[in-house]
Amino acid sequence: MEKLRVLAVLLVIIATAAMAPTSFAGSDRLIMSMTPGRMVQNKLIHLRFLKPDGVALESDVLEKMVIREQDCTTGHVFEMATDYKMGYEPEKKLVGIYLPIHTWENKTLCFSVPGIGKVERSFTAADINGHSIQLEVAP
């Protein structure tokens, strides 16, 4: 009787795991695990931000970043979770942000960090390579 109960529980666990969708670890604001191949397939680009002294901006600062399209003062403001996510670079696991194709494709974006500075960059299809792009934020 006990063996039947254990077998039934195991069967329920296996059935539940089989029905769960396959996905990458993360949430609506954070991507924890991504491969370079998956980045290219999903047309995602990963950006890391550095201060002028070469020190990387970490997640607490990146959460305060304002991303605008075209113009640093009046351009459309992008929102975290819908237009971009924070996440770790596939190879070195360094923190940055992931931009999906609708956010970056053939656009110029302005990345502004209060108290630190800003950087502006134009993006094209050549930027999809499965590796992180480093940008230096300047005052």
Side-chain angles (χ1 to χ4, degrees):
M1 190 66 150
E2 185 67 30
K3 288 182 183 181
L4 287 175
R5 185 172 289 158
V6 171
L7 185 60
V9 169
L10 253 134
L11 185 59
V12 168
I13 291 171
I14 291 171
T16 303
M19 291 188 317
T22 57
S23 63
F24 284 86
S27 69
D28 63 338
R29 296 174 51 119
L30 179 66
I31 297 174
M32 297 291 290
S33 175
M34 180 67 66
T35 65
R38 184 74 180 230
M39 282 177 62
V40 172
Q41 178 184 0
N42 291 342
K43 299 180 180 174
L44 296 171
I45 56 175
H46 183 267
L47 304 173
R48 284 195 62 232
F49 296 90
L50 305 173
K51 294 179 187 177
D53 61 2
V55 175
L57 299 180
E58 295 297 328
S59 58
D60 56 334
V61 176
L62 293 177
E63 287 179 356
K64 298 173 187 167
M65 179 181 286
V66 177
I67 303 173
R68 292 183 180 267
E69 185 177 358
Q70 292 299 98
D71 186 312
C72 287
T73 55
T74 61
H76 166 74
V77 176
F78 290 107
E79 300 291 328
M80 189 181 294
T82 55
D83 298 314
Y84 67 97
K85 294 183 180 189
M86 288 188 8
Y88 298 97
E89 177 185 15
E91 295 169 346
K92 298 177 185 172
K93 303 297 183 209
L94 301 170
V95 72
I97 62 169
Y98 278 98
L99 300 175
I101 192 166
H102 75 271
T103 302
W104 66 265
E105 184 178 40
N106 299 321
K107 294 180 183 173
T108 298
L109 301 179
C110 177
F111 305 90
S112 177
V113 182
I116 296 177
K118 60 186 172 186
V119 61
E120 201 171 310
R121 179 137 189 306
S122 296
F123 296 93
T124 65
D127 291 313
I128 305 174
N129 61 12
H131 300 287
S132 186
I133 299 168
Q134 291 190 17
L135 301 176
E136 186 176 303
V137 177

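Since the model is a prediction, treat every value here as computed from it, not as a measurement.
Interatomic distance, CG of L47 versus CG of L62, reported as 10.0 Å (0.5 Å rounding). Here L109 contributes atom CG and D83 contributes atom CG; the two are 10.0 Å apart, rounded to the nearest 0.5 Å. Within the model, atoms CZ of R121 and CG of D127 stand 4.5 Å from one another, a figure rounded to the nearest 0.5 Å. Atom-to-atom distance recorded for I45:CD1 and E105:CD is 10.5 Å, nearest 0.5 angstrom. Between the OH atom in Y84 and the CG atom in L44 there is a gap of 15.0 Å [rounded to 0.5 Å]. Expressed to the nearest 0.5 Å, how far CD of Q70 lies from CD of E120 amounts to 8.0 Å.
Under the disulfide (SG to SG under 2.5 Å) criterion, the residue pairs touching residues 79-139 are C72-C110, with sequence neighbours excluded.
For the pair K51 and I116, the tightest heavy-atom approach, listed with the atom from each and the gap, is CE-CD1, 4.2 Å. The minimum heavy-atom distance linking K107 with F78 is given by the pair NZ-CZ, 4.5 Å. Nearest approach of K93 to Y88, heavy atoms of both residues: O-CD2, 3.5 Å. A pairwise comparison of heavy atoms in S112 and K118 identifies CA-CB, 3.9 Å as the closest pair.
Around atom NZ of K43, no more than 12 heavy atoms belonging to other residues, nucleotides or ligands sit under 6.0 Å away.
Note: the hydrophobic cluster containing I97 does not contain L50 (ILVMFWY, side chain heavy atoms under 4.5 Å, direct or indirect links). Following chains of ILVMFWY side-chain contacts shorter than 4.5 Å, one can reach V61 starting from M86, so the two form part of one hydrophobic cluster. Cluster annotation: V40 is connected to I101 through the hydrophobic network of ILVMFWY side chains, with a link wherever side-chain heavy atoms come within less than 4.5 Å.
Aromatic ring pairs are classed by plane angle as parallel below 30°, tilted from 30° to 60° and perpendicular above 60°; the pair F111 and F49 is tilted.
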Please report, to 0.1 Å, the donor-acceptor pairs under 3.5 Å made by any side chain of residues 128-139, with sequence neighbours excluded.
residue, atom, partner, partner atom, Å
N129, OD1, H131, N, 2.9
H131, ND1, E91, OE1, 3.4
H131, ND1, E91, OE2, 3.4
S132, OG, H46, ND1, 2.8

